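Here is how names work: the chains are called A, B, and so on, in the same order as the sequence lines, proteins then strands, and each is numbered from 1. These numbers come from a predicted model, not from an experiment.
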Protein chains: 2
Amino acid sequence: MRELRDADTKTLILDAAEVAFADLGFDAASLRHIISLAGVNLAAIHYHFGSKEALLAAVFRRRIAPVSAERSARLKRLEEQTGDGPLAVEGVLQALIEPALRMAHDPELGGPAMVRLFGRTIVEPNETVQKLLGEEFGATFARFSTAFARALPGLPEPVLMWRIQFVIGAMAHLMCDPGKLKEASAGRCDPADTDLAAREMITFLSAGLRAPWDTGLGNRGGEVA
Amino acid sequence: MRELRDADTKTLILDAAEVAFADLGFDAASLRHIISLAGVNLAAIHYHFGSKEALLAAVFRRRIAPVSAERSARLKRLEEQTGDGPLAVEGVLQALIEPALRMAHDPELGGPAMVRLFGRTIVEPNETVQKLLGEEFGATFARFSTAFARALPGLPEPVLMWRIQFVIGAMAHLMCDPGKLKEASAGRCDPADTDLAAREMITFLSAGLRAPWDTGLGNRGGEVA
DNA sequence: GTCTATAGAACGATAGAC
DNA sequence: GTCTATCGTTCTATAGAC
């Protein structure tokens, strides 16, 4: 466990970069802004990380492993408890959402800034960032796609693909810009209440995922599970 | 109707900026990139628009008025047809989504690039861009918030606020990065098929909006409408 | 209105002393 | 490992000729 009181330069940079990338986006967050937040020298970034791009990768990798592990563990537990039947959609969503939102309450996991950065990364237009996202999230994405398919037997695969994109979009939007909800609701909705946020998301998204689908024959597909 | 064959400098710049801002984001799309797309001089941008920020505002304003008008008209028609009862959720979603996606097929309305830009703007971290979005979208947002409330009587307002954010997030993600769905589905889902996209979105989102809600007392709220 | 030329600032990255 | 100083580039914005 690293002591905060004498955090080394590398950690100071990672912490500052996390906040800067989350709030401003990759392009707009300059190395000079990051060093001023971290209270270190400009050259230190290149010494420890090599480049801006490598810094983002380091920030991301530091936090994503615990989240991915927790997601995977929850999914595995759900699968074991379920046996051979279809998975509960809510359970799969929980395994996807809660480990990400849990970061907000634990500075060890990154805190609220890391939640924002996770969301931001998904909608970041920069190609380098998207490549990094694919490398770091690809396995998790595939794992959950399969789980959703097993939770929604009968749902045609293309329809599921559309719906998974909606799930990701809704998650990303709330995670990367929680201020918007607070502002729109004049403070009555608090995105910092992550237990509530998870519940609201799971309620909404599970209903969406389970919606009857259009068979393309003018009729509707059956209810799922 | 403006002739494309001898479009004036101002229009050339607007067209190029639309594509550049949509694909790269506001910060990453440089004026030099835009003038090279447009085939005009760098000074021309400042002469016609004054600043990069003012250029984005001009790009945005040129296209948003027809969309907002169409959205409002559809909502009004729905309200007139409905009378005093609750609005159909699907109808409200249609009025919100279809006018935006319709841009893709009509170069007069901006084409596919403008759909991407609409989505991109929503998730753009730049403060200036968010201020512009608030000014241009605020009235529409308020109008549709009211319509959703009327379509979902009994749904507590804070819950509705959460759900509207999920709707916006799902829309924005699909609009600003249609390539992701195509890639994730290995080409089997085509986001360019906007009729299908609208149907999939409306099916998913209306089910989410209508989901039973948690009353906070351990029981569930009634079904809506 | 359209251009060339350039100002002035900020950027990522690096060399080299300590 | 840490720093200062600076390189070379790119950015938005502008001055001024035509």
Side-chain angles (χ1 to χ4, degrees), chain A residues 2-60 62 121 124-132, chain B residues 2-60 62 120 124-132:
Chain A
R2 195 175 270 116
E3 284 294 329
L4 283 178
R5 68 193 70 187
D6 64 347
D8 59 14
T9 301
K10 211 165 168 174
T11 305
L12 286 172
I13 293 171
L14 286 170
D15 291 345
E18 200 164 274
V19 174
F21 286 141
D23 289 342
L24 306 173
F26 181 73
D27 291 317
S30 73
L31 296 185
R32 284 172 170 80
H33 182 218
I34 292 169
I35 60 164
S36 110
L37 278 180
V40 302
N41 188 275
L42 177 59
I45 290 185
H46 288 96
Y47 176 78
H48 286 288
F49 301 97
S51 71
K52 186 181 185 181
E53 174 183 337
L55 172 59
L56 175 67
V59 169
F60 211 69
R62 177 173 68 152
T121 304
E124 182 76 47
N126 184 292
E127 273 190 33
T128 299
V129 178
Q130 283 309 304
K131 190 163 160 281
L132 174 67
Chain B
R2 194 176 272 116
E3 285 294 329
L4 284 179
R5 66 193 74 186
D6 64 347
D8 58 15
T9 301
K10 210 166 169 172
T11 305
L12 287 172
I13 293 171
L14 286 171
D15 291 345
E18 201 164 274
V19 174
F21 286 141
D23 289 342
L24 306 174
F26 181 73
D27 291 316
S30 73
L31 297 184
R32 283 175 167 79
H33 183 216
I34 293 169
I35 61 166
S36 108
L37 278 180
V40 303
N41 189 275
L42 177 59
I45 289 185
H46 289 95
Y47 175 79
H48 286 288
F49 301 98
S51 70
K52 186 182 184 180
E53 174 183 339
L55 172 59
L56 175 67
V59 168
F60 210 69
R62 176 174 69 151
R120 171 74 47 215
E124 182 77 46
N126 185 289
E127 274 191 32
T128 300
V129 177
Q130 284 307 305
K131 189 160 160 283
L132 174 66

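Taking atom CG of L31(B) as the reference point, atom P of dT9(D) lies 21 Å away to the nearest angstrom. For the pair Y47(A) OH and dG16(C) P, the interatomic distance rounds to 17 Å; values are reported in whole Å. Rounded to a whole Å, the CG atom of N41(A) is 13 Å from the C1' atom of dT6(D). Separating the CD1 atom of I45(B) from the P atom of dT2(C) is a distance of 13 Å, rounded to the nearest angstrom. Taking atom NZ of residue K52(B) and atom C1' of nucleotide dA10(C), one finds them 13 Å apart after rounding to whole Å. For R32(A) and dA13(C), the CZ to C1' distance is 9 Å, given to the nearest whole Å. Spacing between atom CZ of F49(A) and atom P of dA13(C) amounts to 13 Å, rounded to whole angstrom units. K10(A) has its NZ atom 11 Å from the P atom of dT2(D), to the nearest Å.
Smallest separation of non-hydrogen atoms from G25(B) and E124(B): CA-OE1, 3.8 Å.
Seen from the ring of F21(B), K52(B) does not count as a face-on cation partner, given the 6.0 Å and 45° thresholds.
The side chain of H46(B) lies closest to dA13(D) when the candidates are dC3(C), dG12(C), dA13(D). When distances are taken from the side chain of A43(A) to each of dT14(C), dC11(C), dT4(C), the shortest belongs to dT14(C).
Remark: R62(A) engages D15(A) in a salt bridge, criterion side-chain N to carboxylate O under 4.0 Å.
An OP1 or OP2 oxygen of dC11(C) is reached within less than 4.0 angstrom by a side-chain nitrogen or oxygen of S30(A). Taking 4.0 angstrom as the limit, H48(A) places a side-chain polar atom (N or O) nearer than this to OP1 or OP2 of dT2(D). Between T9(B) and dT2(C) there is a side-chain N or O to OP1 or OP2 distance below 4.0 Å.
Looking at heavy-atom distances under 4.0 Å, L42(A) makes contact with a base.
A 6.0 Å sphere centred on CD of Q130(A) holds more than 12 heavy atoms belonging to other residues, nucleotides or ligands.
The side chain to side chain contact (heavy atoms under 4.5 Å, CB included) with F49(A) is formed by just one residue from the set L56(A), V59(A), I13(A), L31(A); it is I13(A).
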